Amino acid sequence: MESSKTTEDHTRSLLTRLAGPSTNKAGLQSVDKEKVNKIIYEVSKGSAFFENEVKRDAAVTEKINSMLSNYEKIKTQDLTADLVIVDTQLIELDQTRDLSQHICHIDMDAFYASVEERDRPELKSKPMAVGSLGMLTTANYEARKYGVRSAMPGYIAMRLCPQLIIVPNDFAKYTEVSGQIRRIFEKYDPDFSPMSLDEYVSTSELTVEAVIEQIRDEIFRETGLTASAGIAANKMLAKICSDINKPNGQYLLPNDRYAIMEFIAKLPVRKISGIGRVTERILEALEVKTCGDIYTQRGILYKLLSPINFGFLLRVYLGIGSTKIESDGARKSISVERTFSTLSKEEDLYNKLKEIAMKLADDLKEENLKCKTITIKLKMPSFQTVTRSKTICRYIQTGHDIFKYDAELPVSLRLMGLRASSFISSDDTQNMGLKRFFSSIPPSEMTSPSKKAKTYSASQENELDRDGVDLIKITTNDDYACPVCTHVLKNIDNTQFNAHIDICLNTVELKTILTTQSVSGTNEPQHSPSPKPTATGSSSLLNYFGNSSRQNPG
DNA sequence: TCCCCTTAC
DNA sequence: GAATGTAAGGGGA
């Protein structure tokens, strides 16, 4: 009986996982979730994605089980002393409560879908989603009745609702409309903060129900789109409230401690921004379903969770959240990733990676940031994902290195991504061409203090831009790392280095041509300037790949 | 510091 | 007939 119950739980968690992240979104309440989940399951079964999800789900289950075995031990313990600590913490937290202002969260209703409906009114009465057969970004309310939702593959949506109309994404249009809405908001609150294309947070003396009505009305008159709003004492509560009367409605939660506590107590924890599918499962295992349960279970939560997570839950229970309008804190990383139909050829992968690197460089430039750490992310056709990061920013080299052809290690990928992080706070605003971010690293930021970074400067720029590869001078004594072949060239000057780069690049080009013309499976083409491409400092990625390819052939 | 996981949209 | 995204933060070792 015990085991059949766990299998049942297991299946249920998998079904829920497959159903995706947004099953509680507005408009989905009336759906027969069981039936929808079953269809999703049937359609998904056997796919690589599915198998990967099964694994991930099992990992979460294991994590929960180990936590539960701890729970069993603690259950019987006397937690009196712990409760004293927790209750003191609660009192202290409660004193930080700020009820001095109204925060408003405005959220456009089914934003992309509504824009499309506005432009093609005949779609309004029909189930419609925005996206592609591969992936939907959102669905109108008519489609949601069938269980169609955002982040669902379109072909699965078609099974749930065969008459579904799928309209392609038009991000340029959505961005434009978003701009319109932001301008309206600015009139009411110059300090408002856009959370995304369709969410905005604001505060002001004027932020009372009537003003919010007025803003929503103005948005509607100007764009033909409806918005929903939540008004409460902090961002966390306001966000929850904006969902209550969606679509085209608003909800005000009074700035009153008792009202807030009562409101939050009966709220399922999953409604809290930051608590997702996994945390929901963990909490459920610990007998916490509503925010009120956090209090009941505070003793064991205190024992079982990290102080940070526990503190977060206490704040949730008290209904305390951030009241700052400006986005909290500076950005910590920027990344670009792309999914594509599976690529295996080194050249293809290399080119793709280069594209991604260029995009990332542009984004960094736009934000005037320099980074110290580069993380590469790779997703196999099996959906198994790995990341590797390096703190000396030589990703072009490692990136290229990874994909050196090795007959023994064919590699196929469905996604590659690059992330920049560990930003250097700097007032150096010149030479921020952040393809150039490597060369902008101040000496103090180099991993080895003895090495000093110097920049190849303007004179090379055009030539370098040609290939989007920057040059890094990594030592003081005229040693250069070639970004193409990764070889460190000792004691050469700029001219020699450039000559080397040219040869290298030509070789790569030649190699590309040769490879495309020849049958695959040939050995690595000669790459004369690079005597031993695998013998570089970046071989950890290579090593990884060696291992993982063997583990996951095909 | 690095790798993975989780989350929101 | 196949087809499941992108960006960011943070925890734990």
Side-chain angles (χ1 to χ4, degrees), chain A residues 17-22 24-25 40 43-53 55-57 59-60 63 107-108 110-112 130-139 149-159 166 169 171 174 178 194-199 239 243 270-282 305-310 312 327-342 356 359-360 363 372-379 381-392 414-423 447 540-541 544 548:
Chain A
R17 172 176 273 273
L18 285 170
S22 55
N24 287 320
K25 271 276 156 65
I40 296 174
V43 179
S44 303
K45 204 159 63 180
S47 68
F49 175 82
F50 178 91
E51 296 305 330
N52 190 251
E53 289 300 291
K55 275 188 203 146
R56 290 177 54 190
D57 195 60
V60 173
K63 184 177 165 187
D107 194 315
M108 299 300 294
F111 184 46
Y112 299 171
V130 179
S132 64
L133 273 183
M135 184 55 61
L136 303 179
T137 49
T138 190
R149 48 166 182 76
S150 56
M152 172 184 275
Y155 69 95
I156 287 183
M158 294 298 286
R159 293 291 193 93
I166 297 180
N169 288 307
F171 288 112
Y174 314 140
S178 180
M195 310 285 285
S196 67
L197 274 188
D198 76 325
E199 286 182 69
K239 188 167 169 55
D243 220 44
R270 186 63 165 85
K271 293 279 181 190
I272 304 298
S273 178
I275 297 182
R277 282 178 292 175
V278 172
T279 312
E280 179 186 35
R281 270 189 70 192
I282 292 172
L305 301 181
S306 73
I308 289 176
N309 287 329
F310 180 67
F312 169 71
S327 51
D328 316 88
R331 184 214 278 277
K332 291 179 177 144
S333 70
I334 299 183
S335 63
V336 177
E337 66 182 64
R338 292 285 174 266
T339 297
F340 36 80
S341 50
T342 300
I356 292 168
K359 173 70 165 61
L360 180 63
D363 292 354
K372 205 171 59 160
T373 302
I374 290 288
T375 303
I376 184 168
K377 172 173 167 178
L378 308 170
K379 197 189 278 182
S382 65
F383 283 82
Q384 188 202 357
T385 304
V386 297
T387 62
R388 290 293 180 269
S389 66
K390 277 237 177 268
T391 294
I392 320 165
R414 67 178 344 270
L415 172 146
M416 282 191 286
L418 287 172
R419 177 193 284 203
S421 57
S422 308
F423 296 128
T447 20
S540 68
L541 286 170
Y544 168 75
S548 83

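Each chain gets a letter, A, B and so on, in the order the sequences are listed, and its residues count up from 1. Model, not experiment: these values are computed from the prediction.
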* **A:Val336 side-chain proximity, nearest of C:dT6, C:dA7, C:dG12** => C:dA7
* To do: Write down the distance between CZ (A:Arg159) and C1' (C:dT4), rounded to a whole number of angstrom.
  => 14 Å
* Asked: Is there a donor and acceptor pair, one atom on the side chain of A:Arg414 and one on the base of C:dG5, closer than 3.5 Å?
  -> no
* Interatomic spacing from CG in A:Leu136 to CE in A:Met152 - rounded to 0.5 Å -> 7.5 Å
* To do: Return no unless some side-chain N or O of A:Thr279 is found under 4.0 Å from OP1 or OP2 of B:dT7.
  => yes
* Kindly indicate whether the side chain of A:Ile374, heavy atoms from C-beta on, has any atom under 4.5 Å from the side chain of A:Lys390. => no
* **CA sep, side-chain torsions, deciding dist, call: A:Asp243, A:Lys239, salt bridge (charged side-chain N to carboxylate O under 4.0 Å, His left out)** => CA-CA 7 Å; A:Asp243 220 44; A:Lys239 188 167 169 55; over 6 Å; no
* Nearest listed nucleotide, side chain of A:Ser47, among B:dC4, C:dT4, B:dT6 -> C:dT4
* Asked: Closest nucleotide of DNA chain C for A:Ile334 versus for A:Met135: which of these residues is on the 5' side?
  -> A:Met135
* To do: Using whole Å, report how far CD1 of A:Ile166 lies from C1' of C:dA3.
  => 11 Å
* Structure fact -> A:Ile356 CD1 to C:dT6 C1', in whole Å, measures 12 Å
* When you get a sec, tell me which of C:dG9, C:dT4, B:dT6 is the closest nucleotide to the side chain of A:Lys332? => C:dG9
* To do: Rounded to the nearest angstrom, tell me the gap between atom CE in A:Met416 and atom P in C:dG5.
  => 15 Å
* Asked: Could you give the CZ-to-C1' distance, from A:Phe49 to C:dA3, as a whole number of Å?
  -> 12 Å
* **More than 12 heavy atoms from other groups under 6.0 Å of CZ on A:Arg159** => no
* Please tell me which of the listed nucleotides, C:dA7, C:dG11, B:dT7, lies nearest to the side chain of A:Glu337? => C:dA7
* To do: May I ask you to evaluate whether A:Lys359 reaches the phosphate of C:dT6, defined as a side-chain N or O under 4.0 Å from OP1 or OP2?
  => no
* **Candidate nucleotides B:dT7, C:dT4, C:dG9, ranked by approach to the side chain of A:Arg419 - the nearest** => C:dG9
* Establish whether the base of C:dT6 is bridged to the side chain of A:Ser335 by a donor-acceptor pair shorter than 3.5 Å. => no
* Give a yes/no answer on whether the side chain of A:Thr391 brings an N or O atom under 4.0 Å of OP1 or OP2 in B:dC2. => yes
* To do: Choose from C:dT4, C:dG5, B:dA8 the nucleotide whose nearest atom is closest to any side-chain atom of A:Thr339.
  => C:dG5
* For A:Leu136 and C:dG5, give me the distance from atom CG to atom P, rounded to whole Å. => 12 Å
* Closest listed nucleotide, where the reference is the side chain of A:Ser273 and the choices are C:dT4, B:dA8, C:dG5 -> B:dA8
* To do: Figure out the CZ/C1' separation between A:Phe171 and C:dG5, and round it to whole Å.
  => 9 Å
* So which one's nearest nucleotide on DNA chain B is more toward 5', A:Ile275 or A:Ala59? -> A:Ala59
* Integer angstrom distance from the C1' of B:dC9 to that of C:dT4 -> 16 Å
* When you look at A:Glu337 and A:Lys379, which way does the side-chain contact (heavy atoms from CB on, under 4.5 Å) test go after all the steps? -> CA-CA 10 Å; A:Glu337 66 182 64; A:Lys379 197 189 278 182; 5.7 Å; no
* Asked: Under 4.0 Å between a side-chain N/O of A:Arg338 and OP1 or OP2 of C:dA7, yes or no?
  -> yes
* **Residues A:Arg281 and A:Asp57 bridged, charged N to O under 4.0 Å** => yes
* Asked: For B:dC3, does either OP1 or OP2 sit under 4.0 Å from a side-chain N or O belonging to A:Thr387?
  -> no
* Do the rings of A:Phe383 and A:Phe49 sit parallel, tilted or perpendicular, given the 30° and 60° boundaries? -> perpendicular
* Asked: Would you say a side-chain N or O of A:Arg277 is under 4.0 Å from OP1 or OP2 of B:dC5?
  -> no
* Expressed in angstrom and rounded to an integer, what is the separation of A:Gln384 atom CD from B:dC3 atom P? -> 14 Å
* Candidate nucleotides C:dA3, B:dT6, B:dC9, ranked by approach to the side chain of A:Lys239 - the nearest -> B:dC9
* Quick one: which of B:dC2, C:dG5, C:dT6 gets closest to the side chain of A:Phe383? -> C:dG5
* Nucleotide nearest A:Lys379 when distance is taken to its side chain, options C:dG5, C:dG9, B:dT6 -> C:dG5
